[in-house]
Student: 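Got a structure for you, questions after.
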Amino acid sequence: MRDTQTSSDEAVAKVDGETALAVTVAEEPVPATARKFSKTPAFQAMHALRYRRQELISEIEKVTGNKLICYLGGHSGQINRDDAVFFGDLLHNIPANHPVDLLLQTPGGDIDAAEKLFKMIRNRVRSAQLRVIVPDYAKSAGTLIALGADVVMMSDSSELGPIDPQVTLEDSSGNQMATPIHSYLEAFREHSEALRRKPDDPVALQMLKKIDPIKFKHFEMVMRRARTIAEELLQQGMLRSRPTASGPSYTKIANDLLDPALWPSHGQMICAEDAIEIGLTIDRRDPDDEEWQMFWQLYCYQRMELPNASTKLFESYYACLHCDSAT
């Protein structure tokens with residue numbers, strides 16, 4: 001009887017213990033599944049076009065083997081000194097001595113700032129190839145940057161422009177007007193010559209009174225500076241490995257790009273065929289060329305990011321920066 005009771009007690013104790021254990025286990029908190037961190041749906045929707053552009057940049061880099069950086073300005077998005085900060089970000093992750101493609105659109109701007117941007121990229125690329133892609137336009141100071149490339153890729157929609165500097169002058173009604181410097185210099189020379197032929201020429205006397213000799217001298221120096229930069233960039237870029245006797249000299253090319261007799265309008269189009277005739281190294285692509293189509297598609301996406309005429313976009317596969325040239 002005692003043994004039977006002991007066995008019964010032990011059995012009850014065992015059951016009670018298992019029940020208690022079961023209760024204890026059941027009462028322990030069930031760990032929640034950790035949620036993977038991700039961008040919110042609204043954020044992704046707002047930035048979907050940027051993601052697509054940067055994916056396309058990566059796809060282009062795989063095809064070309066070059067690093068691709070993009071600098072685009074609206075119709076009033078002038079090149080200026082502030083661009084160096086954003087341009088530096090585009091170059092941040094590019095290894096030294098690695099070939100680079102620069103997709104470039106700009107109406108022009110400060111020639112000294114343009115020279116600085118070129119030197120920044122050339123110092124990173126060094127002896128590797130620098131190619132400038134012009135899907136639409138790279139005018140004035142933008143053309144100067146293109147001169148420093150080893151080759152410029154162009155198609156039917158592409159244009160460069162004369163490199164004659166412009167200044168903003170006030171007309172007789174007080175309106176601000178962009179005026180090519182060569183027009184001011186040519187007017188001075190024309191009326192000076194008329195005065196030499198006829199010292200009492202009333203028109204020449206009146207016009208020369210409106211021309212400031214100090215300003216005239218300054219404009220001469222600016223023209224000389226533009227020619228010097230163009231020659232230096234050509235020597236560092238597309239003419240650096242070209243045999244001297246194989247085409248026009250850097251001096252001839254610079255003079256042609258500054259010549260108002262060839263390009264009467266500052267905004268005149270220099271197409272791929274004109275650029276080749278001048279002596280520039282141009283990679284002329286058919287609009288249906290597969291590689292060109294990739295650049296053109298990217299450019300079309302990027303134009304949507306220039307809502308204002310003064311907006312500028314700096315973009316690579318890892319960076320997307322906006323600024324306004326008016327600020």
Student: Does the side chain of Leu102 come within less than 4.5 Å of Phe87's, by heavy atoms?
Tutor: yes

Student: Applying salt bridge (charged side-chain N to carboxylate O under 4.0 Å, His left out), which residue pairs with at least one partner in residues 141-159 are found, sequence neighbours left out?
Tutor: Arg122-Asp150, Lys139-Glu159, Asp150-Arg240, Asp156-Arg284

Student: Start with the C-alpha gap between Lys312 and Asp324, add the side-chain angles, then the distance that decides, and say whether salt bridge (Lys or Arg N to Asp or Glu O under 4.0 Å) holds.
Tutor: CA-CA 6 Å; Lys312 289 182 284 190; Asp324 196 300; over 6 Å; no

Student: Arg285 vs Asp283, test: salt bridge (Lys or Arg N to Asp or Glu O under 4.0 Å). Steps then yes/no.
Tutor: CA-CA 6 Å; Arg285 297 295 183 98; Asp283 178 7; 3.0 Å; yes

Student: Before you tell me yes or no, could you show the steps for Asp89 and Phe314 under side-chain contact (heavy atoms from CB on, under 4.5 Å), namely the whole-Å CA-CA distance, both residues' side-chain angles and the distance that decides it to 0.1 Å?
Tutor: CA-CA 9 Å; Asp89 261 28; Phe314 302 78; over 6 Å; no

Student: For residues Cys320 and Arg53, determine if any side-chain heavy atom of one lies less than 4.5 Å from a side-chain heavy atom of the other.
Tutor: yes

Student: Would you say Trp263 and Leu258 make side-chain contact, with heavy atoms under 4.5 Å?
Tutor: no

Student: Please name the pair of heavy atoms, one in Ile163 and one in Ala230, separated by the smallest distance, quoted to 0.1 Å.
Tutor: CD1-CB, 3.6 Å

Student: Decide yes or no for Val125 and His98: does some side-chain heavy atom of the first lie under 4.5 Å from some side-chain heavy atom of the second?
Tutor: no

Student: Hydrophobic clustering (ILVMFWY, side-chain heavy atoms < 4.5 Å, transitive) - are Leu321 and Tyr51 grouped together?
Tutor: no

Student: For the CG atom of Leu147 and the CD1 atom of Ile229, what is their distance to the nearest 0.5 Å?
Tutor: 10.5 Å

Student: Could you please spell out the steps behind the salt bridge (Lys or Arg N to Asp or Glu O under 4.0 Å) verdict for Arg225 and Glu115?
Tutor: CA-CA 11 Å; Arg225 173 76 175 132; Glu115 182 187 32; 2.6 Å; yes

Student: Using atom types as modelled and distance alone, determine if a side-chain donor or acceptor of Arg124 lies under 3.5 Å from a backbone N or O of Ala96.
Tutor: no

Student: Among Leu160, Ile79, Leu234, Ile111, whose side chain to side chain contact (heavy atoms under 4.5 Å, CB included) with Leu144 holds?
Tutor: Ile111

Student: Among side-chain atoms of Asp136 and Ser157, is any donor-acceptor pair under 3.5 angstrom?
Tutor: no

Student: So does Glu277 have more than 12 non-hydrogen atoms from other groups sitting under 6.0 Å from CD?
Tutor: no

Student: Report yes if the side chains of Leu257 and Asp164 come closer than 4.5 Å at any heavy-atom pair, otherwise no.
Tutor: no

Student: Have Ser155 and Asp289 got a donor and an acceptor in their side chains that come within less than 3.5 Å?
Tutor: no

Student: Are a donor atom and an acceptor atom from the side chains of Asp110 and Asn80 found within less than 3.5 Å of each other?
Tutor: no

Student: Side chains of Tyr71 and Leu313: does their closest heavy-atom pair fall under 4.5 Å?
Tutor: no

Student: CD1/Ile121 to CD1/Ile94 distance, rounded to the nearest 0.5 angstrom?
Tutor: 6.5 Å

Student: Find the distance between OG (Ser158) and OH (Tyr137) and round it off to the nearest 0.5 Å.
Tutor: 13.0 Å

Student: If you count every heavy atom of other residues, nucleotides or ligands that lies below 6.0 Å from His75 atom NE2, does the total exceed 12?
Tutor: no

Student: For Gln268 versus Pro264, what's the shortest heavy-atom pair and its separation?
Tutor: OE1-CD, 2.9 Å

Student: Please report the closest heavy-atom contact between Ala254 and Glu231, naming both atoms and the distance.
Tutor: CB-CG, 3.8 Å

Student: Hey, is the main chain of Ser310 close enough, under 3.5 Å, to the side chain of Asn308 for a donor-acceptor pair?
Tutor: no

Student: Using distance alone, with no hydrogens and no angle criterion, decide if Asn93 and Tyr317 have a side-chain donor and acceptor under 3.5 Å apart.
Tutor: no

Student: What's the verdict on side-chain contact (heavy atoms from CB on, under 4.5 Å) for Gln105 and Val134, showing C-alpha distance, side-chain angles and the deciding distance?
Tutor: CA-CA 6 Å; Gln105 175 189 289; Val134 182; over 6 Å; no

Student: When you measure from the side chain of Asn255 to the backbone of Lys252, do you find a donor-acceptor pair of N or O atoms at a distance under 3.5 Å?
Tutor: no

Student: Answer yes if Tyr318 and Leu49 sit in the same cluster of Ile, Leu, Val, Met, Phe, Trp and Tyr residues linked by side chain heavy atoms under 4.5 Å apart, and no otherwise.
Tutor: yes

Student: For the residue pair Trp292 and Phe295, is the inter-centroid distance of their aromatic rings smaller than 6.0 Å?
Tutor: no

Student: Please find the pair of heavy atoms, one from Leu72 and one from Gln302, that lie closest to each other, and give the distance.
Tutor: CD1-OE1, 3.4 Å

Student: Got more than 12 heavy atoms from elsewhere within 6.0 Å of CE, Met269?
Tutor: yes

Student: Check for me, please, whether Met304 and Tyr301 land in the same ILVMFWY cluster - side-chain distances under 4.5 Å, paths through other members count.
Tutor: yes

Student: For Cys70 versus Ile57, what's the shortest heavy-atom pair and its separation?
Tutor: SG-CD1, 4.3 Å

Student: Would you sort out whether Val63 and Met294 count as a side-chain contact (heavy atoms from CB on, under 4.5 Å), showing the intermediate values?
Tutor: CA-CA 10 Å; Val63 171; Met294 295 182 74; 4.1 Å; yes

Student: CG/Leu90 to OG/Ser316 distance, rounded to the nearest 0.5 angstrom?
Tutor: 5.5 Å

Student: Roughly how far apart are Thr228 OG1 and Met223 CE, rounded to 0.5 Å?
Tutor: 11.5 Å

Student: Could you tell me which non-hydrogen atom of Gln293 sits nearest to which non-hydrogen atom of Pro287, and how far apart they are?
Tutor: NE2-O, 2.6 Å

Student: State, with a plain yes or no, whether a side-chain heavy atom of Val132 is found less than 4.5 Å away from one of Leu103.
Tutor: no

Student: Decide yes or no for Val151 and Met238: does some side-chain heavy atom of the first lie under 4.5 Å from some side-chain heavy atom of the second?
Tutor: no

Student: Between Val152 and Thr281, does a side-chain contact (heavy atoms from CB on, under 4.5 Å) hold up when you go through it step by step?
Tutor: CA-CA 6 Å; Val152 179; Thr281 303; over 6 Å; no

Student: Check step by step if salt bridge (Lys or Arg N to Asp or Glu O under 4.0 Å) holds for Glu315 and Arg50.
Tutor: CA-CA 9 Å; Glu315 193 162 57; Arg50 172 170 66 85; over 6 Å; no

Student: Enter the distance from Leu233:CG to Thr143:OG1 here, rounded to the nearest 0.5 Å.
Tutor: 11.5 Å

Student: So which pairs with a foot in residues 58-67 pass salt bridge (charged side-chain N to carboxylate O under 4.0 Å, His left out), sequence neighbours left out?
Tutor: Arg52-Glu59

Student: Tell me if the NE2 atom of His92 is crowded by more than 12 foreign heavy atoms within 6.0 Å.
Tutor: no

Student: Tell me if the OH atom of Tyr250 is crowded by more than 12 foreign heavy atoms within 6.0 Å.
Tutor: no

